[in-house]
Amino acid sequence: MRSSKFLIATVKETPADAEVISHQLMLRAGMIRKVAAGVYNWLPMGLRTLKKVEKVVREEMDRTGSQEVLLPAVQPAELWQQSGRWEMYGGELLRLQDRHDRDFCFGPTHEEVITTLIGNEIRSYKQLPASFYQIQTKFRDERRPRFGVMRAREFLMKDAYSFHRDQESLQESYDQMFTAYSTVFTRLGLHFRPVEADTGSIGGSGSHEFHVLAQSGEDAIATCDKHDYAANVELAVAAQIGGERAAPSEQLSKQDTPGQKTIAAICDYLKAPVEKTIKTLLVKGAEVDAVALVLRGDHELNELKAEKHPLVAAPLQWLDEDEVMQAVGCGVGSIGTVNIPIPVIADRSAANISDFICGANEDDVHYTGVNWGRDCPEPESFDLRSVKQGDLCSRAGDVDLGEQGDEDRLKIMRGIEVGHIFQLGTKYSEPLNANYLDQNGKATTMIMGTYGIGISRIVAAAIEQNYDDRGIIWPTNMAPFELVITPIGYHKSELIKRTCDRLYAAFSDLGIEVLLDDRNERPGIMFADADLIGIPHRLVVGEKSLANGKLEYKERSADEAKEFDAEDVVDLLAARITAAR
RNA sequence: CGGGGUGUAGCGCAGUCUGGUAGCGCAUCUGGUUUGGGACCAGAGGGUCGGGGGUUCGAAUCCCUCCACCCCGACCA
């Protein structure tokens with residue numbers, strides 16, 4: 001491709017509304033332009049990269065034996081009513097009506113459509129297992145789209161669905177997908193991590209997310225390399241802190257704590273370590289008005305874990321000021337476990353401390369020297385908290401006595417979720433009647449798996465991992481062009497022009513994706529654009545080096561340029577580029 | 001959905017408080033000089049000042065209203 005015939009829409013200034021680096025660079029490199037909140041145009045430069053990602057994903061999906069299909073973007077409401085999601089999905093589902101006022105939605109995902117299709121087309125156990133995938137535009141009406149194509153409303157996704165006779169077969173496909181996903185992200189040159197993920201309301205036995213590690217990631221993941229553990233913080237579990245609970249050693253004592261409402265304020269006021277405090281959080285119960293969740297002062301509630309407790313209403317609902325007053329007779333800053341009139345669920349670590357400090361259920365008063373079993377009933381112990389950096393990995397032991405070293409402790413990292421694989425079971429095949437006839441001629445519900453990759457999100461995620469102050473540094477397999485030829489004086493020197501044209505033809509013939517910058521621009525502009533766009537290999541053709549029979553070669557990721565003999569540069573470079581694919 | 005903020009040329013911004021002929025830089029176009037890391041000189045084009053309504057002799061500026069976009073939070077495949 002010649003630059004003069006290709007839309008190079010680079011901009012020097014960073015657009016004001018772009019927050020994260022990938023969004024800024026995608027705009028500046030002329031890859032995308034915003035049309036509306038979370039809705040983007042892909043320009044020729046951006047589309048080339050998007051297609052590269054698609055290509056790798058398609059190849060690896062094909063390799064698993066999954067068959068490509070293309071399902072409709074617009075789907076009738078009836079299917080969603082049948083699965084129950086027309087009511088469940090909420091505002092993220094973009095609903096529309098046709099000219100006859102019939103209800104439709106723009107597909108945010110395709111379980112309903114594929115399950116109905118395959119339920120009709122596959123009738124015999126002999127046809128199972130089977131797997132289908134598509135690469136297609138999805139729309140999810142996010143409440144807060146942000147970060148460019150990282151969290152867009154309209155986005156490109158690869159979604160796959162597998163159908164099985166039994167759990168063993170599903171597990172086989174699941175494992176195969178796990179491997180295929182790992183291959184995809186490896187081929188794309190991404191630093192990623194598969195992590196155990198929450199199965200949410202669907203339940204089921206298995207789910208993994210694939211995260212690209214980056215500071216700007218919206219998810220937190222907990223990892224322990226030594227024990228090969230990685231999980232989304234939403235469900236990560238740490239070892240319980242402390243062994244046997246110490247016997248009470250202090251008397252229960254009431255303290256006036258005027259105006260001290262937060263844990264930090266109480267610790268400061270009573271000169272107590274934060275590990276000796278507990279906080280009591282009130283939420284709606286599944287069957288009663290209020291339930292108390294108790295955590296150590298330095299721990300954070302994990303709402304997803306709390307929701308899983310049968311006494312707690314799901315989704316989690318906090319009591320407001322009035323409801324708190326009604327439930328325990330004081331404000332939120334003074335709630336405690338002594339004589340509390342509602343059910344108490346304590347986090348494992350909170351249930352394990354003695355002589356602790358808590359509110360007295362009376363404004364501006366706290367108790368010190370509180371002990372479970374003596375001053376208040378033994379609580380139900382449950383894992384309620386989010387793990388934090390430095391917690392003991394649950395695979396390193398059941399209790400944390402402070403004896404284990406750093407390598408046994410969890411690290412918290414940020415990740416961008418680019419893939420998710422999920423064992424669905426019969427969640428959709430049951431309501432949508434996806435049955436097959438087994439060996440005995442008996443109608444049986446298919447067991448399903450679902451597998452997604454965020455194609456457009458990968459583009460942004462890759463940039464978050466690969467950039468410098470000059471622009472993008474594409475992994476080879478994602479670059480819009482593999483090689484850029486930058487002439488110095490293309491429009492002045494016949495020799496330069498001839499040399500560049502010959503190199504361009506030679507590389508093109510070898511199947512190298514080469515961009516010849518034949519614009520009549522100053523070298524500074526061509527260098528700046530090539531760096532910003534992030535083309536991995538650059539060849540500079542100038543009088544200076546050409547006079548000595550040399551050409552200047554520089555890798556985008558390298559600091560220094562090298563000189564190659566003009567004669568064998570084509571063979572050398574072509575070999576180098578194709579080897580890295 | 002709650003809180004905060006911003007809408008003025010393709011992009012980045014000033015002007016709004018204190019009403020009086022709409023500006024600057026970059027980009028674009030023309031001519032010239034330049035040409036190894038975002039050149040210089042001269043000239044030119046480009047604006048419903050987010051929309052609607054109101055106050056006023058006169059509104060980018062004041063008032064009302066609607067909209068869009070961004071950030072924080074809540075929520076969430």
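A note on names: the letters A, B, ... follow the listed sequences, proteins ahead of strands, and every chain is numbered from 1.
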Nearest-Å distance for atom pair [atom1]/[atom2], residues [X] and [N]:
X	N	atom1	atom2	answer
A/D17	B/G4	CG	P	21 Å
A/F147	B/C71	CZ	C1'	10 Å
A/E218	B/A74	CD	C1'	14 Å
A/E142	B/C72	CD	P	14 Å
A/L43	B/G10	CG	C1'	13 Å
A/I32	B/C11	CD1	P	14 Å
A/I485	B/G36	CD1	P	20 Å
A/W318	B/G73	CH2	P	16 Å

Ring-face cation of A/R33 near A/W42 (centre distance under 6.0 Å, axis angle within 45°)
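Negative - A/R33 is either too far from the ring of A/W42 or too far off its axis.
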
For A/F155, is the NZ or CZ atom of A/R140 found under 6.0 angstrom from the centre of its six-membered ring and inside 45 degrees of the ring axis?
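No, cation not above the ring by the 6.0 Å, 45° rule.
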
With a 4.0 Å cut-off on heavy atoms, is [X] in touch with a base, just the backbone sugar-phosphate, or nothing at all?
X	result
A/T14	sugar-phosphate
A/G489	nothing
A/K492	base
A/E19	sugar-phosphate
A/E303	sugar-phosphate
A/Y490	nothing
A/S545	base

Rounded to the nearest 0.5 Å, how far does NE2 of A/H420 lie from CE of A/M157?
10.0 Å

Looking only at non-hydrogen atoms, find the nearest pair between A/R414 and A/A220 and report the distance.
NH1-CB, 3.7 Å

For A/A222 versus A/V233, what's the shortest heavy-atom pair and its separation?
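What the structure gives for the nearest pair is N-CG2, 3.9 Å.
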
Check whether the side chains of A/S207 and A/E196 place a donor and an acceptor atom closer than 3.5 Å, and report yes or no.
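No pair is found: no donor N or O on one side chain lies under 3.5 Å from an acceptor on the other.
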
Is there a donor-acceptor contact under 3.5 Å linking the side chains of A/E234 and A/N302?
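No donor-acceptor contact under 3.5 Å links the two side chains.
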
Using the [atom1] atom on both, measure [N] against [M] and round to a whole Å.
N	M	atom1	answer
B/C40	B/C26	C1'	15 Å
B/U28	B/C70	P	27 Å
B/U65	B/U55	C1'	15 Å

Pairs under 3.5 Å (N/O, protein and nucleotides 37-42 of chain B):
residue : atom : partner : partner atom : Å
B/G37   : O6   : A/R538  : NH1          : 2.8
B/G37   : O6   : A/R538  : NH2          : 2.8
B/G37   : N1   : A/D531  : OD2          : 2.9
B/G37   : N2   : A/D531  : OD2          : 2.4
B/G38   : O2'  : A/K12   : NZ           : 2.8
B/G38   : O6   : A/R28   : NH2          : 3.2
B/G38   : N1   : A/D529  : OD1          : 3.4
B/G38   : N2   : A/D529  : OD1          : 3.1
B/A39   : OP2  : A/R522  : NE           : 3.3

For RNA chain B, the residues among residues 75-84 of chain A that have a non-hydrogen atom under 4.0 Å from it
none

Select one nucleotide: of B/C69, B/A77, B/G12, the one nearest the side-chain heavy atoms of A/A37.
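Looking only at heavy atoms from C-beta outward on A/A37, the closest nucleotide is B/C69.
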
Check every atom of B/C69, B/C71, B/A77 against the side chain of A/K34 and return the nucleotide holding the closest atom.
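From the listed options, B/C69 comes nearest.
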
A/K138/A/E154 under salt bridge (Lys or Arg N to Asp or Glu O under 4.0 Å): CA gap, chis, key distance, verdict:
CA-CA 6 Å; A/K138 301 279 189 279; A/E154 187 177 300; over 6 Å; no

Respond yes when some side-chain nitrogen or oxygen of A/R144 is under 4.0 Å from OP1 or OP2 of B/A74, and no when none is.
no

Within the 6.0 Å centroid threshold, strictly below: A/F422 and A/Y174:
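They do not qualify: ring centres at least 6.0 Å apart.
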
